[in-house]
Amino acid sequence: MSNCDPNYSGCVPIASDVDCAGGSGNGPAYVSGPVRVIGRDIYGLDNDGDGIGCEK
């Protein structure tokens with residue numbers, strides 16, 4: 001059993017909300033990017049729509 005969300009390549013935790021580490025999000029979970037969006041970007045990590053989240 002994986003605790004990584006299948007919508008992303010790179011381990012994005014499964015939580016009520018995930019934000020990019022070092023950003024302005026309020027969690028409760030954080031991920032250091034970059035992570036590739038391979039499904040739906042359910043946490044809104046890819047702000048510019050290029051398929052890569054938390055790239056800054």
Side-chain angles (χ1 to χ4, degrees):
M1 182 172 150
S2 171
N3 290 328
C4 301
D5 192 292
N7 286 293
Y8 300 93
S9 175
C11 189
V12 173
I14 296 172
S16 58
D17 187 30
V18 179
D19 295 307
C20 298
S24 60
N26 60 355
Y30 298 92
V31 63
S32 294
V35 294
R36 182 172 298 278
V37 179
I38 57 174
R40 289 185 325 131
D41 185 17
I42 60 173
Y43 298 125
L45 301 177
D46 179 17
N47 291 331
D48 60 6
D50 68 353
I52 307 293
C54 299
E55 58 195 313
K56 294 186 172 70

Would you kindly confirm whether Ile42 and Ile38 end up in one hydrophobic cluster when ILVMFWY residues are joined by side chain heavy atoms under 4.5 Å apart?
no
Closest approach of Tyr30 and Pro13, non-hydrogen atoms and distance?
O-CG, 4.2 Å
Might you point out which heavy atoms bring Pro34 and Ile52 nearest each other, and give the distance in Å?
CB-CG2, 3.6 Å
Using a 4.5 Å cut-off on heavy atoms from C-beta on, say whether the side chain of Val37 contacts that of Tyr8.
yes
Between Tyr43 and Asp5, is a side chain to side chain contact (heavy atoms under 4.5 Å, CB included) present by the stated rule, with each step listed?
CA-CA 10 Å; Tyr43 298 125; Asp5 192 292; 3.5 Å; yes
With no hydrogens and no angle check, is any side-chain donor or acceptor of Asn7 less than 3.5 Å from a backbone partner on Asp41?
no
For Cys4, enumerate each residue passing the side chain to side chain contact (heavy atoms under 4.5 Å, CB included) test, keeping only those at least two apart in sequence or located in another chain.
Ser2, Cys11
